[in-house]
Amino acid sequence: MSNRVDPFANSNYKVAVPIMQVMSEQNIPITLQTKGGRGVDEALAFLKPSVWYISISFADDTLRKRIEPGAPPLEERYALIERLIALGHTVVIGLN
C-alpha cells in the first residue's frame with residue numbers, strides 16, 4: 001500500500017487501516033510504504049508479518065520538518081523500525 005500517499009498519514013489512515021484489515025482477513029499479503037504515523041498501532045494489532053518500506057529522507061530533523069511538515073519525526077521512524085523488526089516484520093529502509 002502506498003505509491004503516492006502514505007497509508008498512515010493523518011489524511012489517509014482512517015480509510016487505509018480498514019482496507020488493510022479486510023486484506024488481512026482475506027489472506028492478501030500486504031507491503032507498506034510509509035513514514036509511520038497514525039493508525040500504525042491499530043494495523044499492527046491484526047497484520048501478519050509484512051514487508052514495510054520506511055523512508056528516511058534526512059539525517060537532520062530540522063530540515064525534515066521543513067520539507068516533510070506533517071510526517072513523523074526521525075526518532076519515531078527509528079523506533080517504528082525497531083518495533084517492526086521485533087514483531088517479525090521485514091523492514092526495508094529507503095535512504096531517499
Side-chain angles (χ1 to χ4, degrees):
M1 292 187 74
S2 179
N3 192 10
R4 295 181 179 259
V5 297
D6 193 315
F8 298 110
N10 288 337
S11 59
N12 301 326
Y13 79 98
K14 288 181 182 178
V15 173
V17 171
I19 292 170
M20 285 183 247
Q21 187 161 14
V22 169
M23 290 174 69
S24 183
E25 290 167 359
Q26 297 296 316
N27 293 314
I28 298 170
I30 300 173
T31 298
L32 297 145
Q33 181 177 344
T34 186
K35 294 176 177 83
R38 299 189 65 181
V40 170
D41 292 335
E42 285 178 65
L44 287 175
F46 60 79
L47 282 177
K48 297 173 179 100
S50 307
V51 176
W52 292 64
Y53 176 100
I54 310 286
S55 62
I56 307 289
S57 302
F58 303 94
D60 176 358
D61 206 49
T62 302
L63 179 59
R64 192 267 327 147
K65 285 180 191 176
R66 284 194 1 236
I67 306 298
E68 300 176 338
L74 296 173
E75 289 303 316
E76 282 184 31
R77 294 185 212 184
Y78 299 143
L80 176 59
I81 290 165
E82 290 179 10
R83 183 175 175 205
L84 291 170
I85 292 169
L87 290 171
H89 296 272
T90 299
V91 178
V92 176
I93 300 171
L95 298 175
N96 302 318

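No experiment lies behind these values; they were computed from the predicted model shown.
When every heavy atom of Pro49 is checked against every heavy atom of Gly88, the shortest pair comes out as CB-O, 3.4 Å. Shown here for Pro72 and Gly37, the closest heavy-atom pair between the two residues is CG-N, 3.7 Å.
In this structure, Glu76 does not pair ionically with Arg64, as no charged nitrogen and carboxylate oxygen lie closer than 4.0 Å. Between Arg77 and Asp61, none of the side-chain N atoms (NZ, or NE/NH1/NH2) sits under 4.0 Å from a carboxylate O, so this pair counts as no salt bridge.
Between Thr31 and Val92, every side-chain heavy-atom pair lies at or beyond the 4.5 Å cut-off. When side chains are defined from C-beta on, Thr62 does not count as touching Arg66, because their heavy atoms never get closer than 4.5 Å.
Between Phe8 and Trp52, the ring planes are parallel. Angles under 30° get that label, and only those over 60° would be called perpendicular.
Between atom CG of residue Leu84 and atom CD1 of residue Ile54 there is a gap of 5.5 Å, rounded to the nearest 0.5 Å. How far CD1 of Ile28 is from CE of Met20: 13.0 Å, rounded to the nearest 0.5 Å. Atom-to-atom distance recorded for Asn96:CG and Ser57:OG is 4.5 Å, nearest 0.5 angstrom. Between His89 atom NE2 and Leu44 atom CG the span is 5.0 Å, to the nearest 0.5 Å.
The same ILVMFWY cluster, assembled from side-chain heavy atoms under 4.5 Å apart, contains both Tyr78 and Val40. Note on Val51: it does not cluster hydrophobically with Ile56, by side-chain heavy-atom contacts below 4.5 Å among ILVMFWY residues. Under the 4.5 Å side-chain heavy-atom criterion for Ile, Leu, Val, Met, Phe, Trp and Tyr, Ile30 and Leu87 are members of the same hydrophobic cluster. Transitive grouping of hydrophobic side chains (ILVMFWY, heavy atoms separated by less than 4.5 Å) brings Val15 and Met23 into a common cluster. In terms of hydrophobic clustering, with Ile, Leu, Val, Met, Phe, Trp and Tyr side chains grouped at heavy-atom distances under 4.5 Å, Leu63 and Leu95 are assigned to different clusters.
Ser24 contributes no side-chain N or O that, together with a main-chain N or O of Val22, makes up a donor-acceptor pair within less than 3.5 Å.
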Using side chain to side chain contact (heavy atoms under 4.5 Å, CB included), reason through Leu32 and Leu47 one step at a time and then give a plain yes or no. CA-CA 11 Å; Leu32 297 145; Leu47 282 177; 3.9 Å; yes
Does the side chain to side chain contact (heavy atoms under 4.5 Å, CB included) test come out yes or no for Arg83 and Asp41, once each step is laid out? CA-CA 11 Å; Arg83 183 175 175 205; Asp41 292 335; 2.5 Å; yes
When you look at Val17 and Phe46, which way does the side chain to side chain contact (heavy atoms under 4.5 Å, CB included) test go after all the steps? CA-CA 10 Å; Val17 171; Phe46 60 79; 4.0 Å; yes
